[in-house]
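For reference, the structure discussed in these notes is given below.
Numbered from 1 within each chain, the chains take letters A, B, ... in sequence-line order.
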Amino acid sequence: MALTIKSQLSSPGGILKFLIKYNTIFIFVLLVVFSAMISDVFFTSINLSNLLKQVSGIGIISIGMLIVILTGGIDLSVGSLVALLAVIFAILINIVVLPVAISLTIVIGFLLGSVSGYLVAYQKMAPFIATLALMTIARGLGFIYSKGSPITFKTPGGEFMADFANNSFLGIPNIAIIFILIVVIAQVLLHYNVFGRLIIAIGSNEEASRLSGIKVNKYKFLVYAISGALAATAAIIVASRTNLGSPNMGMAWELDAIAAVVIGGASLNGGKGSAINTLMGVLILGLIGNILNLLNVPSYPQQVVKGAIIVFAVLLQRFEDK
Amino acid sequence: MALTIKSQLSSPGGILKFLIKYNTIFIFVLLVVFSAMISDVFFTSINLSNLLKQVSGIGIISIGMLIVILTGGIDLSVGSLVALLAVIFAILINIVVLPVAISLTIVIGFLLGSVSGYLVAYQKMAPFIATLALMTIARGLGFIYSKGSPITFKTPGGEFMADFANNSFLGIPNIAIIFILIVVIAQVLLHYNVFGRLIIAIGSNEEASRLSGIKVNKYKFLVYAISGALAATAAIIVASRTNLGSPNMGMAWELDAIAAVVIGGASLNGGKGSAINTLMGVLILGLIGNILNLLNVPSYPQQVVKGAIIVFAVLLQRFEDK
Amino acid sequence: VDQSKSTQANVNSSEDTSEKVESAMDLTGMKIGYCTPSLNAPYYQALLQSIEASVEKNGMIFMSADGQDDINKQIAAVEDLITKGVDALLLNPKDPDALVGVTKMAAKAGIPVFIIDSSINPSADYVTTIQSNNLANGELAGEWLAKKFGSKKMNIALLSGNAGNPVGKTRKQGLLQGITEEQLRTLGYIDLNIKTQAYTDWSYAGGLKAMEDALVAHPDINVVITESDVCVLGAIKAIAQAGKTDDILIVAGADGQKEAIKYIMDTDFYGCTAMNSPVQIGKNAVEYAIQYFNGKRDFPKTAFTAPLLITKENAAKYYDPKALF
Amino acid sequence: MNNSESEYRLEMNGISKSFGIVSVLQDVNLKVKHGEIHALIGENGAGKSTLMKILSGVHQKDNGQVFLNGEEIAPKNTHEGQLLGISVVYQELSLVNDLSVAENIYLHKLGANKFWMNWKKITKDAGDLIKSLGFDINPAARVRDLSIVQKQVVEIAKALSEDTKILVLDEPTTVFDPTDTQKLFDNLLRLKKEGVSIIYISHHLEEIFKIADTVTVLKDGVDTGSKAVSETDTDEVIRMMIGRELKDLYPVRNVEISKEPIFSVENLTAKDTLVNNVSFSVRAGEVLGIAGLGGSGRTETAKLIFGADKKKSGTVTLGGEELNITCPAKAVKHSIGFVSEDRKEEGVFLPLSIGRNISITNFKPISNKFGFIFSEKEKANVIGLIDKLSIKTPSGKVVVKNLSGGNQQKVALAKWLSIDSKVIIIDEPTRGVDVGAKVEIYNLINEVAKKGVGVIVISSDMPEIMGISDRILVMHKGTIFGELPKEEFSEENILRYSIGKSLKSLMFH
Ligand SMILES: Nc1ncnc2c1ncn2[C@@H]1O[C@H](COP(=O)(O)OP(=O)(O)OP(=O)(O)O)[C@@H](O)[C@H]1O
Ligand SMILES: Nc1ncnc2c1ncn2[C@@H]1O[C@H](COP(=O)(O)OP(=O)(O)OP(=O)(O)O)[C@@H](O)[C@H]1O
Ligand SMILES: [Mg+2]
Ligand SMILES: [Mg+2]
């Protein structure tokens with residue numbers, strides 16, 4: 001990215017272009033400044049750390065959503081997967097040692113994502129509908145496995161995870177570090193690795209990709225599987241924060257994740273989007289909720305304001321395409 | 001349609017083609033036969049009439065969803081619009097005469113839909129995100145206007161609507177008649193009216209449509225507005241069935257509507273779909289819920305089965321594109 | 001069922017406490033249908049299982065349907081139960097007005113309707129309402145809180161479920177009523193200082209986030225009142241994280257969930273909760289239905305389980321680590 | 001000036017246009033008379049299409065004036081352009097795939113004022129119109145199911161379906177074989193007689209000399225003047241276009257061709273298309289041409305070999321080893337390349353940069369084994385290819401959508417010609433490419449062949465296929481009907497085979 005930025009700054013009209021390309025960042029900065037101005041508690045370290053912790057779960061699934069959206073797909077199952085996988089993780093943590101519980105959960109997430117991946121890639125099912133079906137199924141399974149009640153962590157492993165999830169390293173919450181790590185990996189993969197090149201190519205012209213010898217199906221399959229694995233990661237994090245796995249978790253998170261990705265400038269037609277901007281999208285959404293809470297705006301007017309800000313943020317982005 | 005069917009039946013391999021083109025109908029018939037076989041109460045007139053009443057609300061918004069999807073868009077706001085408009089209708093019916101309450105509600109629905117329409121058509125916002133924002137906003141407004149509690153019908157007009165919504169004409173529930181009427185109008189408009197052909201053209205190739213001199217923006221605007229008006233119609237119906245308007249209505253209906261449209265063979269990329277098949281999609285979804293209830297399948301396994309049947313129904317459809 | 005009997009087993013035990021009800025007629029093959037408004041909370045799950053256990057214990061057939069948190073879907077679910085020809089319908093209505101229609105439909109089909117857990121509009125056609133006394137429970141908790149604080153200044157954060165929920169509303173009313181009544185009685189004035197209300201969606205994660213933001217915005221909060229234990233169980237993490245367990249007192253208007261009882265036993269910051277036993281409601285409901293089958297018709301319009309406050313003093317008695325809820 | 005007196009039907013004066021900072025047209029003049037066929041030519045990216053899009057209302061000019069019959073016009077969108085009687089066949093297909101042929105033809109009219117569809121009438125009218133143009137397409141068919149040739153016919157029919165004063169054809173014949181082209185010309189001459197003014201854009205100069213009355217040449221967004229066709233010749237026009245002489249369009253072939261075939265197919269038959277019993281072989285270093293009429297199955301044969309279509313029977317052998325190719329990825333793994341004729345749908349990634357387009361087939365040399373890309377290496381590679389194919393662009397970062405048609409074609413080629421293949425199939429290699437660039441592409445094909453690659457070129461352009469092939473196969477009805485060695489190359493021979501006849505003077509060897 002550094003390279004891109006430099007070369008753009010040096011070209012004529014470069015700064016303007018830079019502002020336009022990374023305008024999500026500027027919307028974010030705008031919001032931060034605004035928030036700091038109207039609430040004197042906003043800029044406290046505890047609030048910022050809360051904010052980071054609050055967005056990490058949705059943030060991680062947003063990265064999965066991003067890579068799915070880059071291929072021109074969509075993954076509605078992630079919210080339900082978080083619930084199901086949180087339940088599975090809570091069950092596992094109570095019966096096997098921590099590392100096994102973590103790895104197994106992630107593997108199961110990968111496999112669950114593979115189900116959508118298989119339907120989309122090899123059965124040519126519309127992603128919306130394949131993942132909608134998985135969303136329904138996963139939520140159902142979550143309730144079945146948990147018998148409808150949250151499953152509490154009971155082992156030292158569980159305690160360790162709870163500590164981990166609520167503590168910080170150098171002032172940054174551990175789970176936020178994981179989230180940011182995932183963002184960085186994604187950004188690097190998307191930008192500097194063949195994997196990113198290929199999924200972006202698939203999203204911008206699937207037929208041309210096929211005829212260029214790309215194993216389109218394999219990659220389409222993979223992105224859903226990865227999205228599933230990331231949902232598992234998010235599930236582990238949110239379950240650890242509350243010390244339990246509940247089938248009610250992740251309700252409608254898929255919508256927030258999609259909104260974050262789109263606010264981050266990605267196109268739902270595929271082929272366009274970046275991990276850094278998705279991070280900004282996640283932060284913007286989280287910030288809106290946080291600042292409205294701090295300002296004591298009641299819940300329902302909050303929804304109205306949130307919707308309006310989403311519209312506003314996306315409208316600002318239109319300049320990018322010019 | 002009659003013409004198409006005839007010409008297809010007479011062409012070689014015609015019957016097969018016909019089966020394939022209208023395969024949603026066959027999935028539906030299959031389900032009906034299956035249901036009748038495994039449940040002896042399924043084929044009672046009371047159950048069938050219940051089923052029709054149960055699906056009418058979602059059915060009506062599915063038709064709005066269909067025309068939006070035909071243009072290549074999507075309308076996530078419909079469920080929330082049903083809630084907001086049901087609240088508005090309940091408020092109106094208590095202060096103005098019935099015909100005014102009905103017309104005003106539909107006009108307001110049209111205007112609310114126009115908001116998405118404006119953002120999508122004239123501000124080039126991604127439909128997913130524009131309607132997601134409206135979804136959040138409308139739900140919030142519903143709670144604000146109703147102060148969070150349902151608003152009960154109190155006037156003779158309200159009683160009239162309640163009677164109307166729960167009675168039948170020639171054995172068919174009145175509200176189902178309205179739904180079917182809307183389906184028929186939509187089918188005719190889509191097939192025999194220029195409006196329908198143009199929105200299909202737009203969904204199939206927006207750029208080509210623009211180059212052909214079609215006022216693309218106008219039509220894109222219109223479909224969302226119409227979807228809003230249909231949401232109002234659905235709101236009036238569901239409010240009348242329960243005799244009140246509640247901000248909790250229509251939760252996640254947008255997903256059911258989308259599923260119905262897709263099960264009805266429409267493509268989320270636009271340009272492909274029919275009202276009759278959407279009707280089948282609505283009935284299939286309703287039927288699944290109904291028969292699982294009749295079979296005493298508990299709620300969460302039900303979700304799992306429902307998801308599986310959606311996958312199955314859509315998989316069957318794949319043959320169509322051959 | 002008289003009141004004394006209903007207080008006896010107010011414990012959400014995991015053991016099968018369902019008992020066989022005496023019945024003159026043969027109950028075999030009778031169908032009891034239960035329609036829940038949603039299953040998105042452990043409480044509803046526990047209620048469903050309690051009813052199921054009681055029904056089966058008495059040799060009857062259990063049928064359930066789920067409103068999936070949607071008024072219209074609940075109507076559809078009830079219609080389907082009626083179609084299936086249940087002999088009695090236990091209805092937990094999502095909305096007091098919206099479900100009136102289906103009770104009439106059931107009555108027309110000759111099915112007695114028992115409203116359980118939530119309330120319904122009196123114009124509905126039903127035999128009786130079986131619920132815990134949310135208002136009275138809330139009042140007990142409110143009173144307890146006001147007593148505890150005396151004239152000391154309260155800065156309250158209210159954690160609610162979701163807006164527009166009638167049960168939550170009643171509990172909230174109870175809590176506030178309890179506080180104000182007690183203050184009037186002992187102080188002669190009302191000093192009700194609710195700094196913020198936050199919605200938790202009846203979930204742990206929702207409570208956690210709501211509390212985090214509330215604590216930042218209102219660092220002086222020293223009381224958290226809530227419509228349900230579930231709203232506050234996640235929030236405790238935020239309170240602990242902020243190091244405020246010594247400064248904040250939690251008071252729940254309902255449920256007596258086992259985790260909450262455990263906190264009450266083990267800590268000082270979880271003051272009290274009030275018993276809303278799904279097990280008891282379920283058992284009573286089935287018992288009423290059986291009595292109805294046996295010809296009894298003179299039911300009171302409302303049958304509350306007895307209000308009961310759980311505090312440190314009596315918590316151990318109601319704590320069962322193996323309980324479902 | 002007054003209507004009836006205006007000498008010109010259309011006058012475009014001093015037109016300028018830029019996209020952002022890129023200036024595309026500067027002070028361009030174009031004057032078209034009544035009942036004239038006016039050729040507009042120029043290199044790829046000269047601005048021809050842009051000028052026509054300004055005329056029809058797709059783009060808005062920055063400067064200048066447009067007069068139609070002496071009255072100034074400024075259509076703000078295509079709808080206004082149509083009302084003024086301007087019909088355009090755009091360079092890129094712009095049909096609605098999900099509607100029928102008839103609906104597509106009358107699409108603009110549907111939008112105008114009608115309310116109910118008259119299916120019978122539009123189907124009949126469309127059928128009549130297509131027939132009157134000399135083609136045969138079922139008007140009730142879905143456009144999605146048509147071949148690219150048929151789609152182009154529908155485009156033309158659509159433009160002719162209304163009272164046109166000015167008809168613009170932007171490279172209408174790139175997918176046509178000679179017979180189709182002739183049919184189009186007959187129609188244009190008829191329209192000309194009826195007084196329609198026709199602006200005809202093409203890179204086939206012989207077409208210009210066949211039908212045009214006047215020719216205007218654009219070079220780098222500036223018009224270098226107009227000439228009556230009768231007063232000029234190919235050389236002069238080329239000089240006006242590219243600013244220099246062009247001696248040999250087809251480079252000399254001095255490639256060593258191996259004796260043994262490197263690649264062969266035996267009795268290849270497709271599952272879903274008309275291709276049947278196709279057998280042929282290519283030798284290393286050889287350029288094998290495949291000719292045939294539109295619909296003869298050339299493209300399908302290529303796609304079948306490449307694994308994009310399903311095979312029913314037959315074998316494919318590469319370097320003595322029999323291959324089982326079930327998908328394009330497998331073909332690519334065996335070093336077989338394929339350049340599609342449909343660059344927009346199957347060739348390029350329009351929203352992506354030139355660089356990303358070019359790299360897509362060839363990450364090996366520019367990345368490490370973990371897939372991380374060395375951006376410097378990539379950049380060097382891309383810049384090299386841009387130079388080599390003289391793709392007209394300020395940088396490799398420009399998105400392909402913003403390139404002119406011919407330059408997009410070069411990008412599509414670049415991504416395959418830059419890699420090490422053993423066999424490469426090129427379907428219509430110079431679709432929409434200007435003469436100057438054609439030479440470069442032919443040179444490149446030669447270079448590739450020289451490396452010992454077997455090159456299969458499918459082309460509808462007779463002079464081209466004869467100019468670059470060592471041997472020509474002619475397809476008819478889905479199979480190879482005949483084979484012509486270099487000595488027997490002639491338009492007549494190819495045509496005879498194409499329509500399923502044997503050669504006039506049978507030669508026995
Ligand atoms: N939308 C656009 N944005 C930026 N540049 C554009 C755009 N459209 C065209 N151009 C540029 O304008 C120039 C002229 O393009 P145009 O398509 O008019 O060329 P052309 O003469 O038709 O070429 P060809 O023979 O290859 O079709 C090209 O350099 C092209 O890259
Ligand atoms: N001009 C035409 N008339 C009738 N049918 C056609 C025509 N062109 C194409 N088709 C149909 O399309 C299919 C093949 O089209 P396609 O253009 O891909 O073949 P092709 O031999 O590669 O032609 P081209 O010369 O255009 O590359 C055939 O099945 C044929 O039925
Ligand atoms: Mg051009
Ligand atoms: Mg071809």
Original post:
Are any of the side-chain heavy atoms of A/Val304 and B/Thr136 separated by less than 4.5 Å?
Top reply: no
Subject >> Gap separating the CZ atom of B/Arg139 from the OH atom of A/Tyr300, nearest 0.5 angstrom >> reply: 9.0 Å
**OP:** Give me the one residue out of A/Ile129, A/Leu134, A/Ile137 that meets side chain to side chain contact (heavy atoms under 4.5 Å, CB included) with B/Ile310.
**Re:** A/Ile129
Subject >> Interface moiety of B/Ile309 toward chain A, non-hydrogen atoms closer than 4.5 Å >> reply: neither
Subject >> Shortest non-hydrogen contact between B/Ala133 and A/Gly307, atoms and distance >> reply: CB-O, 3.5 Å
Original post:
Which heavy-atom pair separates A/Ala259 from B/Leu132 by the least distance, and what is that distance?
Top reply: CB-CD2, 3.6 Å
**OP:** Below 4.5 Å from any heavy atom of chain B, which atoms of A/Leu255 appear? Answer side chain, backbone, both or neither.
**Re:** both
Subject >> Options A/Ile258, A/Leu119, A/Asn269, ranked by heavy-atom pairs under 4.5 Å with chain B, top entry >> reply: A/Ile258
**OP:** Kindly assign one of parallel, tilted or perpendicular to the pair B/Phe128 and A/Phe128, based on the angle between their ring planes and the thresholds 30° and 60°.
**Re:** perpendicular
